[in-house]
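As the structure lists them, so they are numbered: ligands from 1, and atoms in each ligand from 1. Here, residue 1 is the first one in the sequence, and each next residue gets the next number. Model, not experiment: these values are computed from the prediction.
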Amino acid sequence: MKPLKVNKARLWDSLMEMAKIGATEKGGCCRLALTDLDRQARDLYIQWAKEAGCSIRIDAVGNIMATRPGEDMSLAPVGTGSHLDTQPTGGKYDGVFGVLSGLEVVRSLNDNGIKTRHPIEISVWTNEEGSRFAPAMMGSGVVSGRFTLQEILDKTDVDGIRLGDELERIGYAGDTPVTGREYHAFFETHIEQGPYLEAENKVIGVVTGGQGQRWYDVELTGQESHAGTTPMHLRTDALTCASSLILAVQAIAQQHKPGCGTVGFMQVMPNSRNTIPGKINLSVDLRHPDDAQLSAMDTELTKTVERLVAETGVQIHLKPIWYYAPIPFDKNCIEAVRGSAADLGYSHMDIIAGAGHDACYVSDFAPTSMVFTPCLNGISHNEIESTTPEECEAGCSVLLNAMLRMAEV
Ligand code: HGY
Ligand code: MN
Ligand code: MN
Ligand code: MN
């Protein structure tokens, strides 16, 4: 069978329509997990999926499963999907491209009158971003057993609002169990969010796995006092200590290439220009494709904290909140992606995912791989995130053919 291509214009129009929900002035999207805007996006997606002939289930952590029937409904579905929640200054494509690619696969199968043996299922995973509620990849993490349902429902955001209450409030606390989910194979399509495909002039990334991550909450406690009357040698300044820690995180990453180290969140208290900061809350995000190196980065971070406490007198509480080791994807699924890209004549290369993706957790219980496409200058988690209709068509067409290989037409 000649490899099928998807409907480029229809996919692009769906992306642009969805991007109107939570649209920001700079051309991005802000749809934080379980806000009313997330609900609006979910509602629109469900409407489209039903129009495409899918049945809808919602599970106890708000994951949405849209299923296109197969000839043999006793078979595990071939799945795809991603997330609709975004970063606060997110783009139009991170996550959404994977969800709407799944929908376009269903629409294209309908256009071509193709009935697959295995059902086809598109998942929208709850709170992949981990921005409003930390950590990330919660919906897929509960289904894969990395997190318990209760611990995730009890998570609170920075304002103390509980995740489970938000799920109820937006009407997405479903009754489908989070256990026993099965896929014959699972693929996630996603923009690369980094510079490598563009640098190598490739259209498709054949994703062989995902790098590991370690996230921490750090609380630094010094002493508030007057900015004008407190001599420099008598200060216990939490912010200057935090500054040393932030630079150390960068140094640790640079000493463990190609590891990454980021401090993206910080609260300064009392945050008054003429009071020496007494309390700092900040986040640390460490990543590496090799688990031993990721552990070494963790050890270096702990040693740095001990050194700074001794040097500055600031108390530092380093609280690990999330860890997963680097994840290898399934060889057959990787080959389905690589072979589909070759059949369609798209330039392609193997690549490891630098970002966390729901596919990483789905690979705990199902054969999994991903399809990456380039984004302009490798920029993501930024409102200027950009890609083209042609790149989206390429990624989605590879997804369609990879799924067909596994779903047995
Ligand atoms: O942080 C990540 O890698 C993802 O965007 N949640
Ligand atoms: Mn994403
Ligand atoms: Mn993201
Ligand atoms: Mn992600």
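A salt bridge between Arg107 and Asp111 is absent, with no side-chain N of the basic residue lying under 4.0 Å from a carboxylate O of the acidic one.
In Asp94, the N, O or S atom that comes nearest to the Mn ion (ligand 3) is OD2.
At least one heavy atom of Arg287 sits closer than 4.0 Å to an atom of ligand 1.
The aromatic rings of His118 and His184 lie parallel to each other, with less than 30° between the two planes, well short of the 60° mark. A tilted orientation is assigned to the rings of His190 and His83, their planes being inclined by 30° to 60°.
Residue Glu128 has at least one nitrogen or oxygen atom sitting less than 3.5 Å from a nitrogen or oxygen atom of ligand 1, judged on distance alone. Every N/O-N/O distance between Asp285 and ligand 1 stays at or above 3.5 Å.
Close approach of ligand 1 to Ala355 is summarised as follows: ligand atoms under 4.0 Å from at least one heavy atom of the residue are 3 (O). For ligand 1 and Gly356, the ligand atoms under 4.0 Å from any heavy atom of the residue are 2 (C), 3 (O), 4 (C).
Inter-residue side-chain proximity for His317 and Asp217 is flagged as unmet; no heavy-atom pair is nearer than 4.5 Å.
Enclosure of atom CG in Asp175 is not indicated, since only 12 or fewer non-hydrogen atoms of other residues, nucleotides or ligands lie within 6.0 angstrom.
By the criterion of a heavy-atom distance under 4.0 Å, the side chain of His381, and not its backbone, is placed next to ligand 1.
Checked against a 6.0 Å centroid threshold, the rings of His357 and Phe329 do not count as neighbours.
Expressed to the nearest 10°, the angle at the Mn ion (ligand 2) joining NE2 in His83 with NE2 in His190 is 120°.
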